[in-house]
Student: 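Here it is, the structure, as structure tokens.
A, B, ... follow the sequence lines: proteins, then strands. Residue 1 opens every chain.
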Amino acid sequence: MSSNEKLVEFRNVSFRYGAEQPWVLKNCSFEIDREEWVAIIGHNGSGKSTIAKLMNGLLFPQEGEIYVAGKKVQEDTIWDVRKDVGMVFQNPDNQFVGTTVQDDVAFGMENRGFPREEMLQRLDDVLHAVGMVDYRLTEPHRLSGGQKQRIAIASVLAVSPKVLILDEATAMLDPRGRRDIMQTVAHLQANKDVSLLTITHDLQEIVQADRVIVMNEGQVWDESHPRELFSKQDDLLAIGLDVPFIASLAKALKQTGIPITKEPLNHEELLEELWTLHSRT
Amino acid sequence: MDITFENVSYIYQQHSPFAHKAIDQLSFHIPSGTFVAIVGHTGSGKSTLIQHLNGLVQPTAGKVKIGDFELTAEKKPKHLKQLRSKVGVVFQYPEHQLFEETVAKDISFGPKNFGVGDSEIQRRVTEALQAVGLSADYVERSPFDLSGGQMRRVAIAGVLATKPNVLVLDEPTAGLDPRGQKEMMEMFYERHRSEQLTTILVTHSMEDAVTYADHVIILNKGSKYMEGKPEEVFVQKEALQQVQLDVPEMVAFINRWNEKFHTKLPFTKQSERELATAITAVLKGGKSHE
Amino acid sequence: MNNAMVIGQYVPGNSVVHRLDPRTKITIIFIFVFVVFLANNVWSYTILTVFALLSMITSRVPLRFVLKGLTPVWFLIIFTFLLHVIITKEGDVVFEIFTFQVYSGGLIQGFAISMRFFLLILVTSLLTLTTTPIEITDAIESMLQPLKKVKFPVHELALMMSISLRFIPTLLQETDKISKAQASRGVDFRTGKLKDRIQAVVPLLVPLFVSAFKRAEELAMAMEARGYQGGEGRTKLRELKFTKLDVGIYILFIFVILGLFFTRN
């Protein structure tokens, strides 16, 4: 298999909850490659979470087709598709099934009939991967939100999905929990053979993605690299998103006559560019 | 209303094997009309602190004064209802407290409990809906048919309709998208000024604390760790990191800029525009600063 | 905030009693409940008491936890004792209080019956003190396996029980949160007329139900996303294992029962 093979494909997908309801998604098409990190960003109600649920057959589109790893997503393929698509949801509490950490991580493996020996092995692996080895027997109400989400990620990873979807998985966490999750995810992406789809409304969380899909009013509004997106400030504000500090500072600098050529994604990049300019004068 | 904590301690599940100190010897004073931000990482005692403000919990030691009301460990609190009518609390995810059939009924619930007359209630419902940015068409709708953001606005309207003098906000923007967050904070700030409220904001957002607060209290392990004006407190990077807090992004950038360029740009709650002008001045001024 | 909450009354430990297979514990207690009624003289009572006390001691559960478990029933035990003392008029008069005569038969009977009561409660509370709720659930699931043949939903029942256990602390937290939010809006849950207090519960119950339904819906979706399709073809991480220890305890218990049959009248 070549590494740029399409892993997920949306072909002209439209979805609504009922015949009388407004369209949540309108004619959406996009692709996710193997081992790619794609971020979907959009304001609340832009249809971005619906995409995740369509991808593993929790919902089905009225129009268009969805393919995951070459299989069309439909009634008779959903259980195969769900093996390939792992999902972490928004509310840390409402996806924790087990009475302890290890029971919860095992849940997905038990559903798929993994032999016990293999479960124990994988349990160890994934708890290491998310840095929660010391919490095997901890009960969920003794964990912080961020820790619960790390367990949710571990549970999903345990069955080796091809794509991991984080559906606003950091929205209910405090800044520290949010940072933990993003670090965990970046670490996983670098070390495991898995594609990532992060759905968020926080522009800080797309910086490390390979590609960003911007959703607005149920449509794919833009597809670009984070760097390009950061430069489209007025557009971002217009669709209810925020402009990161570093992007608005870069813009203000340009307006005061500093010729910034490379749109900065973080503090280092901007400082580096300013330093180069400074040395030249 | 002035708010004063005098050596307040609160022990959670006292006299049980699980007792632990949620608030430890806490003292501070908030003059009437101040906008205060309370910052601290999860578990630092923020939620317990705000529950003292309307007598949901009673200190296990020390004294809490809110206007003329006093809460101490010894005395059973009196006139709690009156205190609660003066101190409005918007809890985290306040939409979870909605229960009535219609938006209007839910907003009236608080005022009715506090004995406000019917015609006055009606006036307040209209006014509160307007304040949270919902049109009057919503009054007869079921709160459960609304979107998450609208439900939150209804819940907040229900608190505003009690006409509190003190408004306590526990992470009121959690889970909203950026535009929703900004609109909501602007709404509270507008309310703070127009009604001369004393506002207490519990937040994780250093940016919100800088933008809106006159005064910041940093909590750690139930005690006061730092206190002061935001532009004084938030520049102390090392001290904040000790308690797992970040400085606002602007401060972080200015720090790194100063280090790299050997300048001493101060943090004065400036805008990005003002910062850019200062940076440009340094760059255009060549190497004169060295 | 409810970090310190404990579900049930489980006291963590690694004693012999803790390590026993929960099915063994349930089986023995089940039989014990019946054989307690066979005891009818000093010796048979002694055997049962020694067995119960030995179990308690080997479990290494601190006495105060055991006694705490008994508090709600002390009254019943004493009441049973007094009742028998009052109504039984057999044997000799032992002593007199005012004009009331206490017979030896009454004392013996009262003591025997309340002893039975005490032993029953001691042994059953030992189960919950040394076994986590989830172990009990697993044991029930395993012991009900035969019922699967008659289409009894054993797996579903066990899953329901374990999810309920998982969500008890969450829902308690939620109850606390909502009641505080409504108290802040002027609801008084504690004082007032009965009618008012019943009405005060509505603003608490409605949000609780709404949220419980939402949780259930989201949980179901998360479970489905993680490949849950019922008990068919499922494996289990937690496994129950009979060990030599269990065999030993069964043998010991058989001797207890035999002893009981030899000593009773």
Student: Could you tell me which non-hydrogen atom of A:T256 sits nearest to which non-hydrogen atom of B:K284, and how far apart they are?
Tutor: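 Between these two residues, the closest heavy atoms are O-NZ, 3.6 Å.
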
Student: Under 6.0 Å from the CD atom of A:E228, do we count more than 12 heavy atoms belonging to anything else shown?
Tutor: yes

Student: In Å and rounded to the nearest 0.5 Å, what is the CG to CZ distance from A:L271 to B:F253?
Tutor: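 Rounded to the nearest 0.5 Å, the CG-CZ separation comes out at 4.5 Å.
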
Student: So, taking the atom named CZ in B:R273 and the one named CG in A:L249, what distance separates them when rounded to the nearest 0.5 Å?
Tutor: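 Output value for this atom pair is 11.5 Å.
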
Student: Against chain A, label B:H204 side chain, backbone, both or neither, depending on which of its atoms sit under 4.5 Å from a heavy atom there.
Tutor: both

Student: Counting only heavy atoms closer than 4.5 Å, note whether A:L173 contacts chain B via side chain, backbone, both or neither.
Tutor: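 Neither the backbone nor the side chain of A:L173 comes within 4.5 Å of chain B.
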
Student: Is the number of heavy atoms from other residues, nucleotides or ligands within 6.0 Å of CZ (A:F30) greater than 12?
Tutor: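 Counting other residues, nucleotides and ligands, CZ of A:F30 exceeds 12 neighbours.
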
Student: Please state whether the side chain, the backbone, both or neither of A:L237 comes within less than 4.5 Å of a heavy atom of chain B.
Tutor: backbone

Student: Can you tell me which portion of A:R179 sits under 4.5 Å from chain B's heavy atoms? Options are side chain, backbone, both or neither.
Tutor: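 Only the side chain of A:R179 comes within 4.5 Å of chain B.
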
Student: Using a cut-off of under 4.5 Å for heavy-atom pairs, which of A:A252, A:G240, A:P175, A:G145 has the most such pairs with chain B?
Tutor: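 Most heavy-atom pairs under 4.5 Å with chain B: A:G240.
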
Student: Rounded to the nearest 0.5 Å, what separates atom CD1 in B:I279 from atom NE2 in A:H278?
Tutor: 12.0 Å

Student: Using a 4.5 Å heavy-atom cutoff, which residues in residues 39-48 of chain A come close to chain B?
Tutor: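 Within residues 39-48 of chain A, near chain B: A:H43, A:N44.
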
Student: For the candidates A:S248, A:A250, A:A171, which exhibits the highest count of non-hydrogen atom pairs separated by less than 4.5 Å from chain B?
Tutor: A:S248

Student: More than 12 foreign heavy atoms under 6.0 Å from NZ of B:K221: is that the case here?
Tutor: no

Student: Where do B:E249 and A:Q204 land on the side-chain contact (heavy atoms from CB on, under 4.5 Å) test, with the steps shown first?
Tutor: CA-CA 12 Å; B:E249 228 192 318; A:Q204 294 302 336; 3.7 Å; yes

Student: Less than 4.5 Å apart, any side-chain heavy atom of B:K260 and any of A:E272?
Tutor: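 Contact flag for B:K260/A:E272 side chains = yes.
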
Student: Would you give the length of the straight line joining atom OG1 of B:T280 to atom NZ of A:K254, rounded to the nearest 0.5 angstrom?
Tutor: 13.0 Å

Student: To the closest 0.5 Å, what do you measure between CZ (A:F245) and CE (B:M250)?
Tutor: 5.0 Å

Student: Are there residues of residues 167-187 of chain B that reach to under 4.5 Å of chain A by heavy atoms, and which ones?
Tutor: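 Counting heavy atoms that sit under 4.5 Å from chain A, the residues of residues 167-187 of chain B involved are B:G175, B:L176, B:D177, B:P178, B:R179.
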
Student: Drop me the distance from A:M172's CE to B:Q92's CD, to the nearest 0.5 angstrom.
Tutor: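 A:M172 atom CE to B:Q92 atom CD measures 8.0 Å (nearest 0.5 Å).
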
